[in-house]
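The structure presented is a predicted model; accordingly, all values stated were derived computationally and were not measured.
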Number of protein chains: 2
Amino acid sequence: MATHRFDPHFTDNVIHAMGPKTSPRLRQLMTGLIRHVHDFARENELTVDEWMEGVKMLNWAGQMSDAKRNEGQLVCDVIGLESLVDEITFTLAEEAQDAPTATAILGPFFRADTPYRANGADIVVTKPADGEMAFMHGRVMDVQTRAPLVDATVEVWQASTNGLYEQQDEQQVEFNLRGKFRTDAEGRYYFYCLRPTPYPVPDDGPAGKMLELMDRHPFRPAHIHIIEGYRPLTTQIFDRKDKYLTNDSVFAVKDSLVVDFVPRKDDPQAGLELEYDVKLVPSA
Amino acid sequence: MATHRFDPHFTDNVIHAMGPKTSPRLRQLMTGLIRHVHDFARENELTVDEWMEGVKMLNWAGQMSDAKRNEGQLVCDVIGLESLVDEITFTLAEEAQDAPTATAILGPFFRADTPYRANGADIVVTKPADGEMAFMHGRVMDVQTRAPLVDATVEVWQASTNGLYEQQDEQQVEFNLRGKFRTDAEGRYYFYCLRPTPYPVPDDGPAGKMLELMDRHPFRPAHIHIIEGYRPLTTQIFDRKDKYLTNDSVFAVKDSLVVDFVPRKDDPQAGLELEYDVKLVPSA
């Protein structure tokens with residue numbers, strides 16, 4: 001079996017150390033993880049110094065993480081892992097039924113305690129001087145029957161033009177650029193927001209160091225985060241005009257999630273308009 | 001190429017994001033790491049919740065780590081990674097020349113500031129009531145010529161009978177059960193120590209949680225850590241009588257590192273004796 005010149009029994013020995021009380025799924029995951037980590041080390045003849053640099057990066061990620069920041073998640077994001085896990089989840093859901101709206105990663109800036117706002121509200125409470133106002137609206141419907149879904153929750157969050165979400169920026173009031181909306185009797189939701197702008201992921205920690213070492217930029221294309229809560233679905237929508245669209249630092253863009261902002265006439269509150277319908281799988 | 005049903009271009013896309021300034025070795029390591037991590041996720045259809053549990057474990061490891069504790073290292077140890085990297089290093093060294101004394105992992109309890117002691121000293125400054133005293137001695141020699149190596153440093157450290165190293169235990173004086181020794185004109189070193197006893201690795205963090213989930217015990221077989229500093233070599237020697245010898249929680253035991261403590265007569269300081277010669281590669 002072994003095609004390398006190292007101890008051919010080492011990896012099986014580690015795997016077989018798992019005891020009989022290990023759950024079947026954990027045994028499967030740990031077996032796969034141990035095999036891949038060991039193969040990686042052998043194939044690349046990993047040195048003690050290189051391994052220890054990796055340990056330092058992992059410890060550093062934990063030390064930077066707190067209630068407002070999840071650096072371990074960001075380290076996974078820059079090597080595409082969160083987007084890949086999302087794709088796996090979506091592919092399996094797609095195989096099981098008609099295709100709902102594509103999913104995208106949650107990212108580290110979601111806040112579970114975001115308040116509800118009335119349809120038509122403006123989530124841009126702290127207005128940036130260089131912001132372009134947009135009116136976003138659409139319908140939430142059953143992916144199979146196309147019937148409108150009434151009282152479905154649509155939750156959105158976006159960064160301001162300085163690239164910061166409100167919890168990263170003392171200049172923004174709490175819950176700025178966030179809101180939850182309930183669909184009306186026709187399944188409609190509508191609100192005012194900013195045209196999204198690209199921003200860098202935080203690059204002062206191990207994820208930023210990894211990007212630097214890999215000669216990569218930290219920018220994410222302009223996007224709005226959305227969670228639709230009927231049978232909840234997390235996604236992001238991306239502005240077609242953004243230059244980072246093919247070059248996302250966390251690999252989350254899918255063709256079906258790219259949208260067009262169009263000019264909006266006769267509305268003093270917004271010069272742009274975005275129509276975005278959501279197809280959901282009815283909850284079981 | 002792709003034998004799975006997920007996006008066949010995703011992993012190449014992440015790898016090709018690396019820019020031209022990436023160093024060749026880092027490009028090799030990141031390419032291998034990304035391929036293995038992605039293959040692991042696809043082969044096991046990793047869910048978002050499972051991935052997030054992994055992120056929490058990694059962040060927890062960093063948050064528990066400080067100057068006295070390296071939990072990221074311990075997480076690697078329980079899946080055998082430090083021992084594997086050590087084996088890779090030793091195998092490559094062995095292929096390049098005659099076999100020196102086998103190596104073993106450094107572990108997280110080494111202290112760089114350990115003081116020199118005179119040959120014949122007793123490193124058991126804080127004496128545990130249940131400790132068995134042993135006299136350890138041997139010669140350090142050139143692996144090729146067998147000539148004695150004079151003024152080579154032999155550094156040792158061991159846990160006390162309660163399973164704790166001195167920096168983990170307020171009841172032990174500083175540098176208890178540690179010492180550096182210089183070989184004499186015949187390449188000899190000698191000192192008094194404890195017969196080592198098995199102990200559990202710290203299991204109040206993510207490494208301990210992983211062991212519990214894998215239904216594994218946290219015990220390491222009784223051992224003494226050694227660094228020989230000519231061209232430095234890090235090793236551990238294990239007591240043949242220990243019940244964890246075939247069952248080390250960090251997979252560091254090698255046959256050539258197992259030693260026999262024998263009865264010692266007519267020495268009021270120790271009832272046991274251990275002779276241990278070290279073969280070193282002359283420094284270049």
Side-chain angles (χ1 to χ4, degrees), chain A residues 5-7 10-11 13-14 17-23 26 28-30 32-34 36-48 50-51 55-56 58-65 70-73 76 79-89 91-92 213-216 247 251, chain B residues 5-7 10-11 13-14 17-23 26 28-30 32-34 36-48 50-51 55-56 58-65 70-73 76 79-89 91-92 213-216 247 251:
Chain A
R5 60 196 196 274
F6 306 106
D7 177 357
F10 186 84
T11 298
N13 186 26
V14 174
M18 278 187 273
K21 291 183 208 141
T22 311
S23 84
L26 190 92
Q28 178 190 345
L29 291 178
M30 290 307 300
L33 185 68
I34 289 165
H36 276 293
V37 168
H38 288 198
D39 284 344
F40 165 71
R42 282 185 290 249
E43 286 162 10
N44 295 286
E45 294 179 357
L46 194 66
T47 70
V48 172
E50 288 165 346
W51 162 71
V55 169
K56 281 184 199 160
L58 291 183
N59 282 337
W60 186 17
Q63 283 152 358
M64 287 197 96
S65 296
N70 188 333
E71 185 74 11
Q73 179 171 2
C76 292
I79 61 165
L81 183 57
E82 184 173 4
S83 285
L84 177 60
V85 171
D86 172 71
E87 193 225 333
I88 291 168
T89 305
T91 300
L92 298 179
L213 290 171
M214 289 192 286
D215 189 22
R216 284 171 42 188
N247 201 9
F251 308 97
Chain B
R5 60 195 196 273
F6 305 107
D7 177 356
F10 186 83
T11 298
N13 185 26
V14 174
M18 276 187 272
K21 290 180 210 144
T22 311
S23 84
L26 189 92
Q28 179 191 344
L29 291 178
M30 290 307 300
L33 186 68
I34 290 165
H36 277 294
V37 168
H38 287 196
D39 284 345
F40 165 71
R42 282 185 291 248
E43 287 162 10
N44 295 286
E45 295 179 356
L46 193 66
T47 70
V48 172
E50 287 165 348
W51 162 72
V55 168
K56 281 184 199 162
L58 292 183
N59 282 337
W60 185 17
Q63 283 153 358
M64 286 198 97
S65 296
N70 189 333
E71 184 76 10
Q73 180 172 1
C76 293
I79 61 164
L81 183 57
E82 184 173 5
S83 284
L84 177 59
V85 170
D86 172 71
E87 194 225 334
I88 292 169
T89 305
T91 300
L92 297 179
L213 289 171
M214 290 191 287
D215 188 21
R216 283 172 44 189
N247 201 8
F251 308 97

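B:Glu50 is not listed as a side-chain neighbour of A:Val85, based on a closest heavy-atom distance of 4.5 Å or more.
Comparing A:Ala61, A:Ala17, A:Ser23 by how many heavy-atom pairs each has under 4.5 Å with chain B, the most go to A:Ala17. Contact count versus chain A (heavy atoms, under 4.5 Å) is highest, among B:Thr11, B:Leu26, B:Leu58, B:Ile34, for B:Leu26. Per-residue heavy-atom pair counts under 4.5 Å with chain A were compared for B:Leu46, B:Ile88, B:Ile79, and the maximum is reached by B:Ile88. Top candidate by heavy-atom pairs under 4.5 Å with chain A, chosen from B:Val48, B:Leu29, B:Thr47, is B:Leu29.
Ring planes of A:His36 and B:Phe40: perpendicular class, angle over 60° (limits at 30 and 60°).
Between the side chain of B:Ser65 and the main chain of B:Asn70, no donor-acceptor pair closer than 3.5 Å is present. The closest donor-acceptor contact from the side chain of B:Gln63 to the backbone of A:Gly62 lies under 3.5 Å. A donor-acceptor pair is defined here as one N or O able to donate and one able to accept, closer than 3.5 Å; such a pair exists between the side chain of A:Ser83 and the backbone of A:Phe251.
Only the side chain of A:Phe10 comes within less than 4.5 Å of a heavy atom in chain B; its backbone stays farther off. Only the side chain of A:Trp51 comes within contact range of chain B, judged by heavy atoms closer than 4.5 Å.
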